[in-house]
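Note sheet for the following structure.
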Amino acid sequence: MFVPCDGGGPDFEGFTLLMPAVSVGNVGQLAVDLVISTLCMPKVGYFYTDCLVPMVGNNPYATTKENSVELSINAEVYSLPSKKLVVLQIRSPFIKNKYRPFCQTLLSWVESSKCARVILLSSSHAYQRDDEQLLGTPLRYLLTPALEKAIEGHMQELKWKEMEKVAAYPGISDTEKVLHIPGGGITKLLFTESCSKGIHMAVLLKFCSEGDNIPDAFGLVNYLNEWLQLIEITRNSSTDASPEREIPDPSSQWKIPSSWRLLFGSGLPPALF
């Protein structure tokens, strides 16, 4: 459930809720970090749940020594009314068998807060793509029927590629197709639950592998920006102007949060040498 910082209840009616799936490479979480940091979104509350591993740490978006000592927890909510955007950032993995209760609690909050739509940023194992998924861009999208009806072919105008369904019984029968998102965490469950509840949800995902996933995060957040136009990005002159570019444009306006300095640890102590 949502717990506001100041005891009041922010009005999210008509807002877009942006959130990550805890998925391969943590790409969705890194992309959400870029959005919060770049737009300087203030924290407005917490999402209290027993479905995530508890954690506490320093302010990941610290800009001064003074605000670096502020504490953050496993699920926090940020809001920017000027863009009608609310962001839920998730910073820890799910407890075993807690996927479904979390999805139910989240969607209940979405309905009660009257958010206009939900955008889930996710990722999937690149090595488990089928032949069709190997072609073209590594970026995909999914829309619930309710949202697809509301935006009326806007994704086709963007020339985006919908996530393909794969054979339910590969090598035996190719007639039955199913949605398969290996490494996607709660992505498939949250999407199918949203479909059944008539919730306006979009999933934006990227095929990737574990490792240095910063380029993947830039690719995914640029993909999101193609749709929402959160910031204006100046691209390098190139014959390939597609949003799936792996290397972030040096002139882009995405602001890397201070916490990313510790993505791969704090380095070896000089005293060892």
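For this chain, numbers begin at 1 and follow the sequence in order.
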Has Ser259 got a side-chain atom pairing as donor or acceptor with Pro60's backbone, closer than 3.5 angstrom?
yes
Does the side-chain contact (heavy atoms from CB on, under 4.5 Å) test come out yes or no for Leu220 and Leu139, once each step is laid out?
CA-CA 7 Å; Leu220 186 59; Leu139 294 159; 4.1 Å; yes
Going only through I, L, V, M, F, W and Y residues with side-chain contacts under 4.5 Å, is there a path from Val118 to Phe12?
yes
Could you check whether any side-chain N or O of Gln253 sits under 3.5 Å from a backbone N or O of Glu232, counting only pairs where one atom can act as donor and the other as acceptor?
yes
Just verifying a value: how many Å separate Lys188 NZ and Ser23 OG, rounded to the nearest 0.5 Å?
15.5 Å
Side-chain donor or acceptor of Asn74 paired with backbone N/O of Ile90 under 3.5 Å:
no
Nearest 0.5 Å please: distance from the CH2 atom of Trp160 over to the CE atom of Met155.
5.0 Å
Should we count NZ of Lys177 as having more than 12 external heavy atoms under 6.0 Å?
yes
Looking only at atom types and distance, does a side-chain atom of Ser72 sit under 3.5 Å from a main-chain N or O of Asn58, one as donor and one as acceptor?
yes
Can any side-chain N or O of Ser79 pair as donor or acceptor with the backbone N or O of Val86 at less than 3.5 Å?
no
So which atom in Phe15 and which in Leu85 form the shortest heavy-atom distance, rounded to 0.1 Å?
CD2-N, 3.5 Å
Answer yes when Lys43 and Glu70 have at least one side-chain N-carboxylate O distance shorter than 4.0 Å, and no when they do not.
no
So, taking the atom named CG in Leu120 and the one named OG in Ser194, what distance separates them when rounded to the nearest 0.5 Å?
8.5 Å
No-hydrogen, no-angle side-chain donor-acceptor test under 3.5 Å, Trp254 and Asn222:
yes
If hydrophobic clusters are built by linking Ile, Leu, Val, Met, Phe, Trp and Tyr wherever their side-chain heavy atoms come under 4.5 Å apart, do Val77 and Met201 end up in the same one?
yes
Enumerate the salt bridge (Lys or Arg N to Asp or Glu O under 4.0 Å) contacts for residues 95-124, please, sequence neighbours excluded, ordered by first and then second residue.
Asp50-Lys98, Arg100-Glu193
Of all heavy-atom pairs linking Gly25 and Leu30, the shortest is O-CD1, 4.0 Å
Would a 4.5 Å heavy-atom cut-off, applied to side chains only, mark Phe218 and Ile256 as touching?
yes
Which heavy-atom pair separates Lys83 from Leu230 by the least distance, and what is that distance?
NZ-O, 3.2 Å
side-chain contact (heavy atoms from CB on, under 4.5 Å) between Tyr141 and Lys161: does it pass, once the steps are laid out?
CA-CA 7 Å; Tyr141 78 91; Lys161 197 168 185 179; 5.6 Å; no
ILVMFWY network linking Met19 to Ile181, side-chain heavy atoms under 4.5 angstrom:
yes
Could you tell me the separation between the OG1 atom of Thr192 and the NZ atom of Lys197, rounded to the nearest 0.5 Å?
11.0 Å
Does one hydrophobic cluster hold both Leu204 and Leu228, with members joined at side-chain heavy-atom distances below 4.5 Å?
yes
What's in the same ILVMFWY side-chain cluster as Leu135, cut-off under 4.5 Å, chained through other members?
none
If you measure from CD on Glu66 to OG1 on Thr64, what distance do you get to the nearest 0.5 Å?
4.5 Å
When rounded to the nearest 0.5 angstrom, what distance separates NE2 in His200 from CD1 in Ile119?
12.5 Å
Over all heavy atoms of both residues, which pair between Phe47 and Trp109 is shortest? Give the atoms and the distance, please.
CE1-CE3, 3.7 Å
Less than 4.5 Å apart, any side-chain heavy atom of Thr144 and any of Ile199?
no
Just do the side-chain contact (heavy atoms from CB on, under 4.5 Å) check on Leu205 and Ser123 with the steps written out, would you?
CA-CA 5 Å; Leu205 67 82; Ser123 51; 5.6 Å; no
Mind checking whether Leu190 and Cys103 have side chains closer than 4.5 Å, heavy atoms only?
yes
Return yes if some donor-acceptor pair links the side-chain N/O of Ser37 with the main-chain N/O of Lys255 below 3.5 Å, else return no.
yes
Please confirm whether the ring centroid of Tyr61 lies under 6.0 Å from the ring centroid of Tyr78.
yes
Heavy-atom check, side chain of Lys165 versus side chain of His180, under 4.5 Å
no
Test log, rule side-chain contact (heavy atoms from CB on, under 4.5 Å), inputs Cys208 and Val27
CA-CA 9 Å; Cys208 68; Val27 176; 3.6 Å; yes
Sidechain-backbone polar pair: Gln229 side chain, Asn225 backbone, donor-acceptor under 3.5 Å
yes
Is there a chain of hydrophobic side chains (I, L, V, M, F, W, Y, each step under 4.5 Å between heavy atoms) that links Leu158 to Leu121?
yes
For Asn67, is there any backbone N or O sitting under 3.5 Å from a side-chain donor or acceptor partner on Asn59?
yes
In the structure I gave you, are the side-chain heavy atoms of Ser258 and Trp260 within less than 4.5 Å of one another anywhere?
no
Backbone N or O of Pro54 within a donor-acceptor pair of the Ser92 side chain at under 3.5 Å?
no
Shortest non-hydrogen contact from Gly28 to Pro20?
C-CB, 3.4 Å
Within the 4.5 Å heavy-atom criterion, are Asn213 and Val24 side-chain neighbours or not?
no
Determine whether Phe102 and Leu107 make a side-chain contact, defined as any pair of heavy atoms from C-beta on separated by less than 4.5 Å.
no
Taking the hydrophobic residues Ile, Leu, Val, Met, Phe, Trp and Tyr, and joining any pair whose side-chain heavy atoms are under 4.5 Å apart, which ones share a cluster with Ile73?
Tyr46, Val56, Leu71
Do Leu106 and Leu88 touch side chain to side chain, with heavy atoms closer than 4.5 Å?
yes
Heavy-atom neighbours of Asp212 CG exceed 12 at 6.0 Å:
yes
Could you check whether any side-chain N or O of Thr105 sits under 3.5 Å from a backbone N or O of Pro101, counting only pairs where one atom can act as donor and the other as acceptor?
yes
Ignoring hydrogens, what is the shortest heavy-atom contact between Glu162 and Arg140? Give both atom names and the distance.
O-CD, 3.6 Å
